[in-house]
Amino acid sequence: MINKCKLFIFDLDGVITDTAEYHYLAWKKLTDELGYKFSIHDNERLKGVSRIHSLEIILDINNSTEKYSEQEKIRLANKKNDYYLELLKNITPKDLLPGIEDLLDKLKKYNIKTAIASASKNAFTVINYLGINDKFDYIVNANEIKNSKPAPDVFLKAAEVLEVNNQNCICIEDASAGIKAIKAAGMYAVGIGNIQNFKEADVIFSSTNELNLEKILLDFNK
Ligand code: B16
Ligand code: MG
């Protein structure tokens with residue numbers, strides 16, 4: 001089989017490690033302080049979404065969008081981030097999601113390049129705690145990306161830097177905004193999670209544990 005996949009691009013939160021719980025706890029602490037409602041169900045809407053946009057969603061849920069100036073919103077987002085950074089200290093190499101190490105080993109064997117395309121401005125901190133810095137050919141710096149997911153920019157940046165055509169890229173995501181971004185980039189999308197969230201994905205696995213690279217490549221190359 002001739003393999004046209006030259007680059008495999010990973011989302012971070014929810015694919016490589018499960019930081020969604022920490023994001024939730026940090027937002028929960030902030031919303032409790034403010035006396036706002038925020039449930040684990042609401043948290044689903046924040047996956048793959050930038051920090052400031054996440055805050056705007058929370059304010060919208062509480063009909064409080066108009067209450068804050070842009071400067072006050074930045075202050076609240078920074079406060080949430082301080083809580084999040086504190087929680088990140090709990091991450092160790094054991095927190096790599098099941099199946100990810102195997103997948104990375106196989107990609108190396110097949111000579112397929114790897115990158116991380118995360119919306120998180122804390123991606124390098126998370127990667128450091130996981131001890132996987134040297135496992136990727138390129139890690140996109142979210143601070144350098146103008147339009148966040150569902151815009152395609154972060155995925156296009158990885159392909160551009162590693163000099164791979166978009167149609168030779170496979171990307172993996174756990175969020176609806178991320179799958180939309182991948183399809184907008186003209187790339188092949190692997191979804192992790194509930195089928196309802198990913199109408200546009202090319203293939204879906206219920207968890208990283210179920211990932212099957214051979215199945216993905218067979219479909220991608222057909
Ligand atoms: P930060 P991903 C995303 O990361 C998270 O899914 C999302 O919940 C978070 O709000 C966003 O990063 C920004 O994170 O506040 O750390 O910059 O899934 O794209 O890896
Ligand atoms: Mg994610």
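As the structure lists them, so they are numbered: ligands from 1, and atoms in each ligand from 1. The residues of the chain are indexed from 1 along the displayed sequence.
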Undergrad: For ligand 1, find out whether one of its N or O atoms is nearer than 3.5 Å to an N or O atom of Glu173.
TA: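 No; every N/O pair is 3.5 Å or more apart.
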Undergrad: State plainly whether the residues Lys79 and Asp82 are in salt-bridge range, i.e. N to O under 4.0 Å.
TA: no
Undergrad: What about Tyr84: any of its N or O atoms under 3.5 Å from an N or O on ligand 1?
TA: no
Undergrad: Under 3.5 Å, is there a donor-acceptor pair between the side chain of Lys4 and the main chain of Phe220?
TA: yes
Undergrad: Taking atom 13 (C) of ligand 1 as the point of reference, which of Gly14, Ala77, Ala177, Ala119 owns the nearest heavy atom?
TA: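 Among Gly14, Ala77, Ala177, Ala119, the closest heavy atom to atom 13 (C) of ligand 1 belongs to Ala119.
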Undergrad: Which of the N/O/S atoms in Asp11 sits closest to the Mg ion (ligand 2)?
TA: OD2
Undergrad: Going by salt bridge (charged side-chain N to carboxylate O under 4.0 Å, His left out), name the residues that satisfy it together with Lys89, two or more places apart in sequence or in a different chain.
TA: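 Listed in chain order: Glu86.
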Undergrad: Identify, by name, the N, O or S atom of Asp174 lying closest to the Mg ion (ligand 2).
TA: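 The closest N, O or S atom of Asp174 to the Mg ion (ligand 2) is OD1.
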Undergrad: Against ligand 1, does His53 come closer than 4.0 Å with any heavy atom?
TA: no
Undergrad: Looking only at heavy atoms, which two atoms of Gly48 and Ala119 are closest? And how far apart?
TA: O-CB, 3.8 Å
Undergrad: Please state which protein non-hydrogen atom is closest to atom 2 (P) of ligand 1 and give its distance, to 0.1 Å?
TA: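 Here the closest protein heavy atom is Asp11 OD1, 2.9 Å.
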Undergrad: Output yes when Glu70 and Lys73 qualify as a salt bridge under the 4.0 Å nitrogen-oxygen rule, no when they do not.
TA: yes
Undergrad: Students often mix this up, so state it plainly: with edges at 30° and 60°, are the rings of Tyr84 and His23 parallel, tilted or perpendicular?
TA: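 Parallel.
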Undergrad: How close does the nearest protein non-hydrogen atom get to atom 6 (O) of ligand 1, and which residue and atom is it?
TA: Gly48 N, 2.7 Å
Undergrad: What is the nearest protein non-hydrogen atom to atom 17 (O) of ligand 1, stated with its residue, atom name and distance?
TA: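 Result for atom 17 (O) of ligand 1: Lys121 N, 2.7 Å.
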Undergrad: What part of His23, side chain, backbone, both or neither, has a heavy atom within less than 4.0 angstrom of ligand 1?
TA: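 Only the side chain of His23 comes within reach of ligand 1.
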Undergrad: Salt bridge or not for Glu72 and Lys67, using N-O below 4.0 Å?
TA: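 So Glu72 does not pair with Lys67 through a salt bridge.
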Undergrad: Can you name the closest pair of heavy atoms from Phe155 and Cys171 and give their distance?
TA: CD2-SG, 3.7 Å
Undergrad: Can Ser54 be said to touch ligand 1, with heavy atoms closer than 4.0 Å?
TA: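 Yes; Ser54 lies near enough to ligand 1 that a heavy-atom distance drops under 4.0 Å.
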Undergrad: Do any of the N, O or S atoms of Asp13 sit under 2.8 Å from the Mg ion (ligand 2)?
TA: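 Under 2.8 Å: Asp13 contacts the Mg ion (ligand 2) through an N, O or S atom.
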Undergrad: So, regarding Lys149 and ligand 1 (criterion: nitrogen or oxygen to nitrogen or oxygen, under 3.5 Å), is there a contact or not?
TA: yes
Undergrad: Considering the heavy atoms of Asn122, write down every atom of ligand 1 situated less than 4.0 Å from one of them.
TA: 1 (P), 16 (O)
Undergrad: Do ligand 1 and Val49 have nitrogen or oxygen atoms that lie under 3.5 Å from each other?
TA: yes
Undergrad: Could you tell me which non-hydrogen atom of Asn133 sits nearest to which non-hydrogen atom of Ile139, and how far apart they are?
TA: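 Nearest heavy atoms, Asn133 then Ile139: O-CD1, 4.3 Å.
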Undergrad: State the CD1-CG distance between Ile16 and Leu130, to the nearest 0.5 angstrom.
TA: 8.0 Å
Undergrad: Could you check whether atom CD1 of Ile195 has more than 12 heavy atoms from other residues, nucleotides or ligands sitting under 6.0 Å from it?
TA: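 No - once you tally the heavy atoms of other residues, nucleotides and ligands closer than 6.0 Å, there are 12 at most.
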Undergrad: Which ligand 1 atoms, with their elements, are less than 4.0 angstrom from a heavy-atom of Leu12?
TA: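 Close to Leu12: 20 (O).
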Undergrad: Assess Ala175 for proximity to ligand 1: is some non-hydrogen atom of it under 4.0 Å away?
TA: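 No; Ala175 lies far enough from ligand 1 that no heavy-atom distance drops under 4.0 Å.
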Undergrad: When only distance counts, is Ser118 in polar contact with ligand 1, meaning an N/O pair under 3.5 Å?
TA: yes
Undergrad: What I want to find out is whether Lys28 reaches Asp32 closely enough, with some N-O distance under 4.0 Å, to be called a salt bridge.
TA: yes
Undergrad: Would you say Arg51 has any N or O atom under 3.5 Å from an N or O of ligand 1, going by distance alone?
TA: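 Yes, since at least one N or O of Arg51 sits under 3.5 Å from an N or O of ligand 1.
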Undergrad: Work out which heavy atom in Lys149 is nearest to a heavy atom in Ala117; give both atom names and the distance.
TA: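 Lys149 and Ala117 have their closest heavy atoms at NZ-O, 3.0 Å.
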Undergrad: Starting from atom 8 (O) of ligand 1, find the nearest protein heavy-atom neighbour and note its residue, name and distance.
TA: Leu46 O, 3.0 Å
Undergrad: Where does Asp13 meet ligand 1, judged by heavy-atom distances below 4.0 Å: at the side chain, the backbone, both, or neither?
TA: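 Within the 4.0 Å criterion, Asp13 contacts ligand 1 through backbone and side-chain atoms alike.
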Undergrad: Output yes when the distance from some N or O of ligand 1 to some N or O of Lys47 is under 3.5 Å, and no in every other case.
TA: no
